[in-house]
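Proteins come first, then strands; the chains are lettered A, B, ... in the order of their sequence lines, and each starts at number 1.
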Amino acid sequence: MQDEPTLIRQRREKIRALRAAGIEPFANTFRPHHRVADLIAAYGHLDQGELEKLTATFSLAGRLMLLRQFGKATFFHLQDESGRLQGYIQRQEVGPEAYTFFKQLDLGDIIGLTGRLFRTKTNELTLAVQQFVLVTKAIQPLPEKYHGLTDVELRYRRRYVDLMVNPEVREVFRRRSRIIRFLRDFMDQRGFLEVETPMMQPIPGGATARPFQTYHNVLAMPLYLRIAPELYLKRLLVGGFQRVFEINRNFRNEGISTQHNPEFTMMEFYQAYAEYEDLMRLIEEMVAALAQDLYGTGRITYQGHEIDLTPPWRRLAMAEALTVVGQIPAEIVRDRQALIKLALEQGVTLRPSEGYGRAMAKLFDLHVEPKLIQPTFITAFPIEISPLSRRCQDDPELADRFELFIAGKEIANGFSELNDPEDQRQRFLKQVAAREAGNEEAHFMDEDFVLALEYGMPPAAGAGIGIDRLVMLLTDSPSIRDVILFPQLRPEG
RNA sequence: GGGCCGUUAACUCAGUCGGUAGAGUAUCUGCCUUUUAAGCAGAGAGUCGUUGGUUCGAGUCCAACACGGCCCA
């Protein structure tokens, strides 16, 4: 503390001086009656003559962001949640004492203003201050006014500063909120019931991933943060809800990258008496309507790529995609041994329990996924990597499953649900064997889930949409960390 | 896990061949009543990520480590 930077020390001294003068620097008494954007919307079109006739006074609260001081007058910008407005304060108007006090304020302080609107010589709508109060003193100085905060690490660690000084960051998170609200409305309009299922699960299921583990002291048992809500949502179908959805966090104990955060947001939904193709149509319609809602068009730009979200989207069977997009000859794709050999040659590692299906998926990741820029549904997944999907009637080695790719990213995953308890039990047993053989991502046996299926789950289809990636796509953000307010970081070094 | 890059004042960044640390913004002082990243004059502000090494001398060279970014697995 003794070696505190000068700037901070000066401001702490200012706080002491304020208190000594009887001014509380953290009072909670000022109540603004207006917001910047509302004033601009209501009066932004009036010229100076019209503003002069306006007798109303307005009160605003916000952060002091820019200062242009003269001897006896000061221009500044006040920033509230809705925007920025220029303010103008004259010594002649507020009196010498108040003006001297105003000059002692610092950039970043939160202030309350009361005044009238006028236009400056340069025709800028401005609040002429009649009264002001210091609402909250800022001890830490703001970043540089022109470049703002650009250090990526600092932006994530001090997101509050990032939000304060980088308007485009605020806009991303407003859009994120709007996207989630849109999805809720969309699902609600189609008769889906929003539900909440456990985040802490005794048996983590519903996805292929390593879970985070925790411990409940009183129950004296391990619990896992969920990797997916799937098995609980399906239990709700057993219970009689026919359309359910959940928007919430999943947790996966895996690597961090521009596409992965350990906790991420997923919308999962299940529809009884539907099959996967119904959900593909639903998702197409939903994402296109979402783009329309945000931008008034189905065409968006992501990292330089023009992407057309207008339905219908391309549909390709996985085997077909490997050939058509991945340039792997059809005879190799068809030949189980040849495909496994190719995968091994390309550095894919396969465990004893893994074979053709896994090889296919890995080759897909390498050669197809990055090239799927325009929205594409990949279908006909190997059953081996789809332990919760219904089998394809025409080919028991395939699952009635799809994944959606846009801009080279996996955005959604869905399938017709397996509702045969015997088949489900066998698939769990296969997963358990894989787990015992060392695959930490394999599923656990979930007896209660099988029991639920034994009561009868109506035929259904379900899907999950990665909300963070969808937000990235719709905000042209290159990293998942740009769309998560507080992304996971190591403690400061 | 591997490769490359980065880490210097509160922020944004320079720093040459190894020779006592620089700018702009912000802060402080003075001038300034229509500015727009206001202007002018002056001042203060540094554990150069950390630890070790080489050297008469290290922000600079070497090594390890920490944190971050990008790419790869």
(request) Go ahead and write out RNA chain B as dot-bracket, 5' to 3': ( ) for pairs within the strand, [ ] for ones crossing earlier pairs, | when the partner sits on another strand, dots for unpaired; Watson-Crick or G-U wobble, both distances under 3.5 Å. (result) (((((((..((((.....[..)))).(((((.......))))).....(((((..]....)))))))))))).
(message) Between B:A14 and B:C56, how many Å separate the two P atoms, rounded to a whole number?
(response)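 B:A14 and B:C56 have their P atoms separated by 32 Å.
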(message) Between B:A37 and B:C32, how far apart are the two P atoms, rounded to whole Å?
(response) 24 Å
So what does [X] touch, heavy atoms closer than 4.0 Å: a base, only the sugar-phosphate, or nothing?
| X | result |
| --- | --- |
| A:Arg91 | nothing |
| A:Thr120 | base |
| A:Ile8 | nothing |
| A:Gln140 | nothing |
| A:Lys145 | sugar-phosphate |
| A:Leu67 | sugar-phosphate |
| A:Gly347 | nothing |
| A:Thr74 | nothing |
| A:Lys362 | nothing |
| A:Leu142 | nothing |
| A:Leu7 | base |

(request) Determine yes or no for a side-chain-to-main-chain donor-acceptor pair under 3.5 angstrom, with A:Arg116 supplying the side chain and A:Leu54 the backbone. (result)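 Side chain of A:Arg116 to backbone of A:Leu54, a donor-acceptor pair under 3.5 Å: yes, one is there.
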(request) Ignoring hydrogens and angles, tell me if any N or O in the side chain of A:Arg84 forms a donor-acceptor pair with the backbone of A:Leu78 under 3.5 Å. (result)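 Here the side-chain-to-backbone pair does not exist.
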(request) Indicate whether A:Phe75 forms a stack on B:U35; treat it as stacked only if centroid distance is below 5.5 angstrom and interplanar angle below 30 degrees. (result) yes
(request) Determine, step by step, whether A:Glu24 and A:Arg19 satisfy the salt bridge (charged side-chain N to carboxylate O under 4.0 Å, His left out) criterion, reporting the C-alpha distance in whole Å, the side-chain angles of both residues, the deciding distance to 0.1 Å, and the verdict. (result) CA-CA 6 Å; A:Glu24 171 49 45; A:Arg19 289 213 164 105; 3.2 Å; yes
Between [atom2] of [N] and [atom1] of [X], the distance in whole Å:
| X | N | atom1 | atom2 | value |
| --- | --- | --- | --- | --- |
| A:Gln259 | B:C72 | CD | P | 11 Å |
| A:Gln69 | B:C28 | CD | P | 9 Å |
| A:Lys14 | B:A10 | NZ | C1' | 14 Å |
| A:Glu369 | B:C72 | CD | P | 12 Å |
| A:Arg11 | B:C11 | CZ | P | 13 Å |
| A:Arg119 | B:U34 | CZ | C1' | 14 Å |
| A:Lys103 | B:U29 | NZ | P | 9 Å |
| A:Arg490 | B:C65 | CZ | P | 13 Å |

(request) Please state whether the base of B:U27 and the side chain of A:Thr6 form at least one donor-acceptor pair under 3.5 Å? (result)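 No.
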(request) May I ask you to verify whether the side chain of A:Gln86 and the base of B:U35 hold a donor-acceptor pair under 3.5 Å? (result) yes
(message) Both A:Pro143 and A:Gln10 contact RNA chain B. Taking the nearest nucleotide for each, which residue is further toward the 5' end?
(response) A:Pro143
(request) Take A:Arg157 and A:His147, find for each the nucleotide of RNA chain B with the closest heavy atom, and name the residue whose nucleotide sits nearer the 5' end. (result) A:His147
Of the listed nucleotides [options], the one nearest the side chain of [X]:
| X | options | answer |
| --- | --- | --- |
| A:Tyr88 | B:U33, B:C11, B:C70 | B:U33 |
| A:Glu153 | B:C70, B:G68, B:A37 | B:G68 |
| A:Phe118 | B:C28, B:U12, B:U34 | B:U34 |
| A:Arg68 | B:U34, B:A38, B:U33 | B:A38 |

(request) Go through the structure and list residues passing side-chain contact (heavy atoms from CB on, under 4.5 Å) with A:His367, not counting sequence neighbours. (result)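 Counting only residues at least two positions away or on another chain, A:His367 forms a side-chain contact (heavy atoms from CB on, under 4.5 Å) with A:Ile328, A:Gln346, A:Leu363.
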(request) Enter the distance from A:Asn261:CG to A:Asn250:CG here, rounded to the nearest 0.5 Å. (result)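 That separation rounds to 12.0 Å.
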